[in-house]
Amino acid sequence: MKSPAISQAMDILRLLRQITETDAPVSEKLDQIIAMVAKQMEADAAACYVMVDDNYLELFASFGFNRDANHKISLRLGEGLVGDVAKHNRSLAVTDVWKHPAFSYKPEMGEEAYKSFVGVPLIRWGRAIGVITLQNKENVEYSASQIEILETVAMVLSELVASDDMNEFKNELIKERGQTGKEKYKGVALSKGYGIGVAVVHRRRQAVTKIFAEDKEKELRKLEVAHTQMNHDLDEKFNSTKLGIGEHVDILDAYRMFAKDKGWYKKIADNVSSGLTAEAAVERAYEDMWNRLSGTNDTYMKERLHDLRDVADRLLGYLSGDKTDVSTLDAKDLIVVAQTMGPADLMDYDYNKIRGLIIEDGTPTMHVAIVAKALGIPVVSKIKGIYNEIKTGELIAVDGNDGYVYIRPSEPIQQKIRAKISEKEKLQAKLAELKDLPAETKDGTRINLYLNVGLAFDLDYIETTNCDGIGLYRTEIPFMASETMPDVERQINYYRELMDRAGDKKVIFRSLDVGSDKLLPYWGSVGEDNPAIGWRSIRITLDRRAILRKQVCAFLRAAAGKELNVMFPMISNLAEFEEAKETLSLELEKEKRRGSPIPKKVNVGLMIEVPSVVFQLEAILKQADFISVGTNDLAQFVFACDRGNPRLSERYDVLSAPFLKLMHEIVSQANKAKVLCSVCGEMASNPIEALALIGLGYRNLSMSGSAFGKVKSMVRSTNLDDIEDYVKIMLKSNRRTLRPQLISYAYDHGIEIY
């Protein structure tokens with residue numbers, strides 16, 4: 001026997017479906033729905049607000065309020081109770097709005113008689129696209145079941161609000177108000193490059209129209225079949241060499257982890273057992289996860305929500321039978337447009353045809369952005385509403401350098417973008433010619449150029465660049481992509497593969513560097529206020545010494561018969577370095593006693609990232625075989641500047657005299673002690689910053705594979721004596737940044753800094 005709450009919800013959804021299936025204009029449908037929901041839930045008033053742009057909600061439909069208030073009331077995101085619901089994507093119930101500090105009174109709405117309030121967000125792709133509210137004249141405490149019913153209504157109503165009909169209606173309103181649309185949009189560039197092609201709007205999520213199951217056993221069988229088939233197809237897709245990116249297992253395993261997660265599947269099955277259809281159960285499981293995790297400051301967990309959304313949508317496709325094959329699209333140049341997507345979605349397309357990717361809700365660390373960048377696909381994100389602006393088949397141009405997207409670009413814009421593409425192709429061809437030439441300055445000084453690697457596809461750069469070796473192997477990447485802590489044997493396989501690919505070239509392993517923005521899926525967040533300077537990196541592995549012992553054991557066995565180079569990150573003082581070094585020494589002695597093959601030589605170093613070690617550098621250099629400067633964290637700590645904060649991104653510059661003086665002090669002490677010193681941070685990947693490093697005395701630079709050719713070109717066009725003299729003069733400057741001066745110097749002296 002159904003509970004009263006379920007019966008009420010089913011009645012409301014039945015009436016809602018009847019309204020949505022009529023031929024009435026979308027605005028009339030919304031009016032009818034709001035009035036129906038208010039009457040069914042015994043509310044005195046109801047309203048539906050819709051997001052009309054990035055910052056504002058507009059009243060689109062109401063019941064019980066002044067009718068002429070529709071389309072005349074607007075609220076900023078975060079303004080009032082409605083704005084608060086939209087901003088935080090969470091339901092809110094208030095017994096007396098007049099006593100609530102966030103309440104925003106709108107006299108033209110006629111809400112004086114109403115006291116209690118409940119608001120629920122209409123969520124689409126993890127963000128609010130509107131809010132539905134109920135109000136009563138009495139002080140009502142809305143029950144959990146009432147809120148849940150309204151949330152179920154909101155789930156279905158969001159499909160109507162996100163429909164093409166609603167978008168056309170909003171566009172008509174804009175035209176009536178004399179507003180004009182844009183053809184040029186500014187976003188955030190996640191992957192550089194230029195592209196032009198035909199838009200393909202990434203598949204829309206299936207609308208969940210049937211909420212309650214008629215046959216629970218049938219729904220469970222349907223779920224099991226869809227889940228099994230989805231995982232089978234994913235395994236085939238991820239392991240396929242035909243796609244050309246089958247080697248991206250390290251990052252794609254994290255996606256596969258969600259698809260096969262037993263806990264997530266059990267939650268869906270439990271929802272089915274409670275009376276929901278399989279499709280509604282998937283949506284409810286995702287929404288529960290979203291409600292728990294969306295408020296976290298944990299970057300890793302936020303990014304995993306993107307993957308979980310993609311897995312949920314993929315499963316919905318299997319449940320509905322909608323598995324459209326997009327790999328057969330006719331156009332040879334595609335611009336993929338999505339609100340959000342996962343790496344598996346990108347692999348649904350023939351990536352050789354993709355000339356650009358536009359993700360409305362995207363971040364640099366989301367999996368699909370990382371994979372796209374590795375494939376050389378320009379990516380632009382953070383343009384709210386662009387998903388609904390672009391239609392499949394429209395010509396789109398993408399400027400991944402400056403973050404612009406052009407819809408139906410004019411002929412001059414097309415010519416400009418095509419010229420940039422041609423220019424890049426010529427540059428790549430020119431850089432490819434440098435492969436077999438030495439990395440020497442014009443006056444004959446050798447600069448050793450190494451690679452930073454972490455993902456499996458990074459290893460291809462070893463052959464294509466003819467680098468001097470691996471200056472930084474990020475061992476945390478396999479740890480982050482694994483469901484469980486990799487054991488010694490799995491680690492050995494990772495490290496041995498790298499050493500085999502590198503051959504006789506130098507390889508430097510960095511011990512596990514996790515914490516802060518790099519959390520492992522099988523470790524919970526410790527909830528620190530300042531994770532960047534908290535329990536992370538060597539601090540974790542020294543506290544959990546077994547992890548460090550197993551990793552250095554894997555290093556030793558993987559490098560048997562070869563030279564092993566190990567460096568420890570985030571060292572803050574000499575004592576920490578001695579502890580880490582001693583751990584490695586003890587494991588080496590154990591291997592010797594076992595009679596196991598050992599490396600022919602072991603070199604131990606550290607990363608210079610924490611300013612305090614500079615004050616102990618003389619003592620440290622007596623015990624270190626090499627050092628490597630991690631400029632990303634070092635600059636962050638020197639300037640007390642969060643490198644991830646966009647408000648501070650341009651305030652401080654590594655090309656300022658204070659930071660360059662510090663870098664000069666480090667390399668000078670290392671050279672005096674005859675200890676190899678390199679830079680493996682982002683400075684080494686930027687030609688103009690690498691130029692400054694060479695001028696300071698650095699002769700070993702480690703960079704991303706994509707930057708290698710540009711830095712090598714810079715090196716071969718530089719006269720070392722001249723740049724050394726110029727940099728020494730510039731160290732006396734009091735300017736905030738020396739970047740403009742260094743760029744001018746490079747142009748004046750014919751130094752190539754593409």
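Note that this is a predicted model, so its numbers are computed, not measured. One-based numbering along the sequence shown. Any value given below was found using the heavy atoms of this structure, including those in side chains, with hydrogens, waters and symmetry copies removed.
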What's the shortest heavy-atom distance between Ala746 and Ile688, and which atoms? CB-CD1, 4.3 Å
With a 4.0 Å cut-off on N to O distance, would you call Arg536 and Asp633 a salt bridge? yes
Is it the case that the side chain of Gln741 and the backbone of Met730 share a donor-acceptor pair, with hydrogens and angles ignored and the cut-off at 3.5 Å? no
If we only count heavy atoms from C-beta on, is the Glu425 to Ile421 side-chain gap below 4.5 Å? yes
Is there a donor in the side chain of Asp513 and an acceptor in the side chain of Ser537, or the other way round, less than 3.5 Å apart? yes
Test item: Arg716 side-chain N/O and Ser713 main-chain N/O as donor-acceptor pair under 3.5 Å: no
For Asp721, does its backbone N or O pair with a side-chain atom of Asp443 as donor and acceptor, under 3.5 Å? yes
Partner set under salt bridge (Lys or Arg N to Asp or Glu O under 4.0 Å) for Glu752, not counting sequence neighbours: Lys430
Is there a donor-acceptor contact under 3.5 Å from the side chain of Lys505 to the main chain of Cys467? yes
Shortest non-hydrogen separation from Arg446 to Pro438 and the atoms involved: NH1-CB, 3.8 Å
Should Ser678 and Ser628 be marked as a side chain to side chain donor-acceptor pair (under 3.5 Å) after you check the CA-CA gap, both sets of side-chain angles, and the distance that decides it? CA-CA 5 Å; Ser678 66; Ser628 187; 3.0 Å; yes
Name the residue from Cys553, Pro597, Pro599 that meets the side chain to side chain contact (heavy atoms under 4.5 Å, CB included) definition with Glu591. Cys553
Does the plane of the ring in Phe639 sit parallel, tilted or perpendicular to the ring in Tyr652? Use 30° and 60° as the thresholds. parallel
Check for a donor-acceptor pair, side chain of Tyr698 on one end and backbone N or O of Met663 on the other, with a separation under 3.5 Å. yes
For the side chain of Lys506 and the backbone of Tyr450, is there at least one donor-acceptor N/O pair under 3.5 Å apart? no
Tell me, yes or no, whether the heavy-atom count around Lys581 atom NZ, taken from other residues, nucleotides or ligands under 6.0 Å, exceeds 12. yes
Considering non-hydrogen atoms only, spot the tightest contact between Ala692 and Leu742 and give its length. CB-CD1, 4.1 Å
If you look only at distance, which donor and acceptor atoms sit under 3.5 Å apart when one is on a side chain in residues 558-568 and the other is two or more places apart or in another chain?
from	atom 1	to	atom 2	distance (Å)
Lys562	NZ	Asp500	OD1	3.4
Glu563	OE2	Asn565	ND2	3.4
Glu563	OE2	Asn603	ND2	3.3
Asn565	OD1	Asn603	ND2	2.9
Asn565	ND2	Val507	O	3.2

State whether Asp625 and Lys601 are salt-bridged, where the test is any N-O pair (Lys NZ or Arg NE/NH1/NH2 against Asp/Glu carboxylate O) under 4.0 Å. no
Hey, what do you get for CE (Met714) to CD1 (Ile447), rounding to the nearest 0.5 Å? 8.0 Å
For Asp504, I'd like to know if atom CG has over 12 heavy atoms of other residues, nucleotides or ligands within 6.0 Å. no
Tightest non-hydrogen contact, residues Gly750 and Ser717, listed as O-CB, 3.8 Å
Assess whether side chain to side chain donor-acceptor pair (under 3.5 Å) is satisfied between Thr475 and Gln551, documenting all intermediate values. CA-CA 9 Å; Thr475 61; Gln551 185 173 40; 2.9 Å; yes
Tell me whether Arg735 at atom CZ has more than 12 heavy atoms from other residues, nucleotides or ligands lying less than 6.0 Å away. no
For Val654, which residues count as a side-chain contact (heavy atoms from CB on, under 4.5 Å) partner, sequence neighbours excluded? Ala635, Phe659, Met683, Glu689, Arg739
Apply salt bridge (Lys or Arg N to Asp or Glu O under 4.0 Å) to Glu618 and list each qualifying residue two or more places apart in sequence or on a separate chain. none
Looking at every non-hydrogen atom in both residues, tell me the closest pair between Leu434 and Gly709 and how far apart they are. CD1-O, 3.8 Å
What distance do Ser702 atom OG and Ile508 atom CD1 have between them, rounded to the nearest 0.5 Å? 7.0 Å
Would you find a donor on one side and an acceptor on the other, under 3.5 Å apart, between the side chain of Ser685 and the backbone of Ser704? yes
So, Glu724 and Arg699, do they make that salt bridge, N to O below 4.0 Å? yes
Gly605 to Phe577 - nearest heavy-atom pair and separation: O-CE1, 3.5 Å
Quick one: does Glu576's side chain have a donor or acceptor within less than 3.5 Å of a partner on Ile571's backbone? no
For atom CG of Asn734, is the number of surrounding heavy atoms from other residues, nucleotides or ligands below 6.0 Å larger than 12? no
CG on Asn466 to CG on Leu437, rounded to 0.5 Å: 9.5 Å
Output all residues satisfying ring-ring contact (aromatic ring centres under 6.0 Å, His included) with Phe708, sequence neighbours left out; order by chain, then residue number. none
With sequence neighbours left out, write down each residue that passes salt bridge (Lys or Arg N to Asp or Glu O under 4.0 Å) with Glu682, or none if nothing qualifies. none
Whether Tyr745 and Tyr726 hold their rings parallel, tilted or perpendicular, with breakpoints at 30° and 60°: parallel
Any donor-acceptor N/O pair, Thr737 side chain to Ser656 backbone, under 3.5 Å: no
Measure from the side-chain N and O atoms of Lys435 to the backbone N and O of Glu463, and report whether any donor-acceptor pair falls under 3.5 Å. yes
